[in-house]
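See below for the structure under consideration.
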Amino acid sequence: MQLHRLVLHNFRNVMDASLECHPAFNIFHGKNAQGKTNVLEAIYILFALKSFRGARNADLIRWECEEAMIRAVSQRRETTRDLRMNIKPRAKHVSIDDKRTRSMSEVFGHLSIVLFSPEDMVISKGSGSHRRTFLDRAIFHATPGFHEVIRRYETALKNRNSLLKDSRSGGASPVMLDVFDVQLVEAGSRYIHERLRFIGKLRPFMEEAHERLVSGEHSIQMAYESTLPVEEGMSLEAIREIMEERVVQERSRDLARGFTSSGPHVDDLQLSIDERPARLHASQGQHRSLVLALKIAEISLLESLLDMRPILLLDDVSSELDRTRNAQLMEYLLESNGQVFITTTDPDYIAIDREKSIFHVNEGVLRMEDGT
């Protein structure tokens, strides 16, 4: 997978930029709040269709402008595509080779992206929402159709919760609640099934990466912690039956509380070191090693599934890692044959003694420097 060219117009604080991307390493450096992360965000949005920062469309458009544009020439195996996204406050419009897409799903799969940002450091020590986000993003890039599963579940959950709240004032329809229960179970069981399958595939890669990072000093464990009695290897039908039974059992409780108690929206990814929950017992260094192992595992799994290296976006990660783990990350990157886009406040953090492209970013202006 390769991104050959990237063009930005009125995206965030970037008025105009046109970059010829290096097939291996692309480094963007500059002071904070100059627009480095905006470049990575543009790449991510074009191929994942939403911001990893949770931004609204209006946030992506340069101040006092009506719309933004992202354009890229990408290659997947022997197929080259020209993708363009126009972003307006209320909509995104995507075209492929100058032909307007009929649905956003046509975009998925052109490039596979793995993002590693400072926010990822809270995966092992933060709340369950951070681990759910990591898990769902990783599955999406491995299985683009997963996006539709999430969309259907979130819609069903929103509608059901709205009806549950109405019921507390006597305004809910039992018939409509039955309808939303069916939708919730159908989408939710698929949601859980995909998560369980993915964790089973990711685990050996994570264990191998962690073993290499810590030289066997500690063991690492990963398991899906669900509000339902499900486990890896279960069929979709079995999970559907379990969830359907639970929704029926908890209806009166949900009606009293005004929200849905069980389901993938409250499940968690349990990460442990030496059989002890990392969130409670890991040191800062152990947290860093665990998250780094997760990200390396995600890249390795995607490569095995797609038979090609995904594009890696590293957003100022080196400043969050200590010297040892930063060196391990650089060593891993040098061994890989994939394309990498890196942001940093200090180029000295990026110890890559290879041909590369270096861009200085200042107030949204990108200037190419000598990368030798």
Side-chain angles (χ1 to χ4, degrees), residues 1-3 21-29 36-37 39-40 43 112-125 134 138 141 201-220 222 271 273 278 282-359 369-372:
M1 290 184 178
Q2 289 283 315
L3 185 60
C21 306
H22 194 279
F25 296 101
N26 298 270
I27 300 172
F28 302 85
H29 74 95
K36 303 184 301 296
T37 300
V39 179
L40 304 194
I43 297 171
S112 184
I113 304 285
V114 173
L115 169 73
F116 192 6
S117 71
E119 287 74 20
D120 288 326
M121 291 301 167
V122 301
I123 290 174
S124 66
K125 60 182 177 181
F134 159 75
H141 291 297
K201 294 176 182 177
L202 184 66
R203 183 179 291 106
F205 290 100
M206 184 195 69
E207 291 174 346
E208 179 183 353
H210 192 262
E211 167 75 19
R212 178 175 175 179
L213 289 173
V214 303
S215 301
E217 186 177 348
H218 301 281
S219 64
I220 191 172
M222 175 173 61
L271 300 172
I273 294 180
S283 67
Q284 186 67 14
Q286 288 173 330
H287 282 302
R288 287 169 173 160
S289 292
L290 195 158
V291 174
L292 187 54
L294 277 174
K295 284 297 176 177
I296 291 175
E298 181 185 355
I299 297 166
S300 300
L301 174 56
L302 278 174
E303 185 177 16
S304 72
L305 293 174
L306 305 173
D307 195 28
M308 63 184 73
R309 200 79 170 174
I311 290 177
L312 180 58
L313 308 179
L314 293 175
D315 186 23
D316 201 24
V317 172
S318 292
S319 63
E320 291 292 321
L321 298 173
D322 56 33
R323 181 175 297 179
T324 298
R325 288 164 185 84
N326 187 55
Q328 291 169 330
L329 174 59
M330 293 303 117
E331 180 183 354
Y332 173 79
L333 294 178
L334 287 169
E335 290 178 357
S336 71
N337 296 315
Q339 189 177 33
V340 187
F341 293 81
I342 308 173
T343 68
T344 181
T345 54
D346 186 352
D348 290 341
Y349 282 134
I350 314 301
I352 295 175
D353 187 18
R354 271 191 201 171
E355 186 179 343
K356 53 191 173 287
S357 289
I358 300 177
F359 303 89
E369 300 178 345
D370 184 7
T372 57

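Just so you know, residue 1 is the first one in the sequence shown, and it goes up from there. Because only heavy atoms are used, hydrogens play no part in the values below, and waters and symmetry mates are left out as well, while side chains stay in.
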To check you understand the geometry: which heavy-atom pair defines the closest contact between [X] and [Y], and what is its length?
X: Met121; Y: Val317; value: CE-CG1, 4.3 Å
X: Met1; Y: Pro310; value: SD-CA, 4.2 Å
X: His22; Y: Ser357; value: CB-OG, 3.4 Å
X: Leu202; Y: Glu298; value: CD1-N, 3.7 Å
X: Met330; Y: Ser318; value: CE-OG, 3.7 Å
X: Asn326; Y: Tyr349; value: ND2-O, 3.1 Å

Worksheet item: Are Met222 and Leu294 close enough, and set up right, to give a side chain to side chain contact (heavy atoms under 4.5 Å, CB included), and what steps lead you there?
Response: CA-CA 10 Å; Met222 175 173 61; Leu294 277 174; 4.2 Å; yes
Mind checking the [atom1]-[atom2] spacing from [X] to [Y]? Nearest 0.5 Å is all I need.
X: Phe28; Y: Thr37; atom1: CZ; atom2: OG1; value: 11.0 Å
X: Lys295; Y: Asp120; atom1: NZ; atom2: CG; value: 4.0 Å
X: Phe116; Y: Leu312; atom1: CZ; atom2: CG; value: 9.0 Å
X: His210; Y: Ser215; atom1: NE2; atom2: OG; value: 10.5 Å
X: Gln339; Y: Leu3; atom1: CD; atom2: CG; value: 5.5 Å
X: Ile273; Y: Gln286; atom1: CD1; atom2: CD; value: 4.5 Å

Taking the side chain as every heavy atom from C-beta outward, state whether [X] and [Y] have any atom pair closer than 4.5 Å.
X: Leu271; Y: Ile220; value: no
X: Phe341; Y: Ile43; value: yes
X: Ile299; Y: Tyr332; value: yes
X: Lys36; Y: Thr345; value: yes

Worksheet item: Would Lys201 and Leu301 count as a side chain to side chain contact (heavy atoms under 4.5 Å, CB included) if you check the C-alpha gap in whole Å, the side-chain angles of each, and the deciding distance to 0.1 Å?
Response: CA-CA 7 Å; Lys201 294 176 182 177; Leu301 174 56; 3.9 Å; yes
Fill in: Asp316 and Thr343: side chain donor to acceptor below 3.5 Å
no
Discussion item. Can you see whether His29 engages Glu369 through a side-chain donor-acceptor pair at a distance of less than 3.5 angstrom?
Written reply: yes
Discussion item. Check whether Arg325 reaches the backbone of Gly285 with its side chain - one donor and one acceptor, N or O, closer than 3.5 Å.
Written reply: yes
Worksheet item: Would you find a donor on one side and an acceptor on the other, under 3.5 Å apart, between the side chain of Thr344 and the backbone of Asp346?
Response: yes
Worksheet entry | Derivation and outcome, side chain to side chain contact (heavy atoms under 4.5 Å, CB included), residues His141 and Val114 | CA-CA 8 Å; His141 291 297; Val114 173; 5.8 Å; no
Fill in: Matching residue for Glu335 among Arg309, Arg354, Arg212 - test: salt bridge (Lys or Arg N to Asp or Glu O under 4.0 Å)
Arg212
Practice prompt. Determine, step by step, whether Ile352 and Ile342 satisfy the side chain to side chain contact (heavy atoms under 4.5 Å, CB included) criterion, reporting the C-alpha distance in whole Å, the side-chain angles of both residues, the deciding distance to 0.1 Å, and the verdict.
Written response: CA-CA 11 Å; Ile352 295 175; Ile342 308 173; 4.0 Å; yes
